[in-house]
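Notes follow the structure.
Sequence positions, counted from 1, serve as the residue numbers for this chain.
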Amino acid sequence: MLNARYLDELEEYMSSGRMEDEFEYSPEERRLEILEFLERLMDVAETADATATKLIFKNSQFGTMMGLKDQK
């Protein structure tokens with residue numbers, strides 16, 4: 001399920017400016033597709049952040065203070 005290679009390729013696509021170029025020279029339908037993809041990616045990033053927090057702090061005193069339930 002984990003695919004670091006895809007994440008590397010996606011990061012390179014965005015940081016290289018290729019995504020910006022594609023957006024600039026694409027028809028409106030493709031631009032909307034790119035924006036929807038980025039919105040979904042940001043939603044997934046929020047979920048990843050919440051999951052990382054749970055994984056790091058569950059079963060800890062700090063996690064208990066944050067309201068995370070023990071997962072024994």
Side-chain angles (χ1 to χ4, degrees):
M1 187 66 196
L2 301 178
N3 190 339
R5 182 176 174 189
Y6 176 72
L7 291 177
D8 291 341
E9 291 171 1
L10 182 59
E11 181 181 25
E12 194 278 328
Y13 173 61
M14 290 187 292
S15 65
S16 70
R18 288 189 354 242
M19 180 181 263
E20 289 178 56
D21 289 343
E22 182 177 350
F23 184 85
E24 185 175 344
Y25 298 106
S26 290
E28 190 67 21
E29 184 176 305
R30 178 65 177 150
R31 286 179 176 205
L32 290 173
E33 184 180 353
I34 291 168
L35 292 174
E36 288 173 1
F37 178 86
L38 289 171
E39 184 176 357
R40 177 75 172 113
L41 182 61
M42 290 184 283
D43 291 344
V44 170
E46 287 180 18
T47 301
D49 184 51
T51 301
T53 299
K54 288 178 187 176
L55 293 174
I56 293 167
F57 294 112
K58 74 176 185 180
N59 300 329
S60 72
Q61 190 173 23
F62 187 69
T64 302
M65 289 174 21
M66 291 176 49
L68 299 175
K69 305 250 188 223
D70 283 349
Q71 303 290 322
K72 294 182 182 179

Exercise. For a side-chain contact (heavy atoms from CB on, under 4.5 Å) with T47, tell me which candidate from T51, V44, D43 qualifies.
Key: T51

Self-check item: Listed partners of E9 passing side chain to side chain donor-acceptor pair (under 3.5 Å), at least two apart
Solution: R5

Exercise. Examine M14 and L32 and state if one hydrophobic cluster contains both, with Ile, Leu, Val, Met, Phe, Trp and Tyr joined whenever side-chain heavy atoms are less than 4.5 Å apart.
Key: no

Quiz item: Going from CG on L41 to CG on L7, what distance comes out if it is rounded to the nearest 0.5 angstrom?
Solution: 8.5 Å

Quiz item: Any side-chain heavy atom of F23 within less than 4.5 Å of one from L38?
Solution: no

Self-check item: side chain to side chain donor-acceptor pair (under 3.5 Å) involving R31 - partner list, sequence neighbours excluded
Solution: none

Quiz prompt | Y6 reachable from M19 in the ILVMFWY side-chain graph, under 4.5 Å edges | solution = yes

Practice problem: Report the residues that fulfil salt bridge (charged side-chain N to carboxylate O under 4.0 Å, His left out) with E20, sequence neighbours left out, ordered by chain and then residue number. | Solution: none

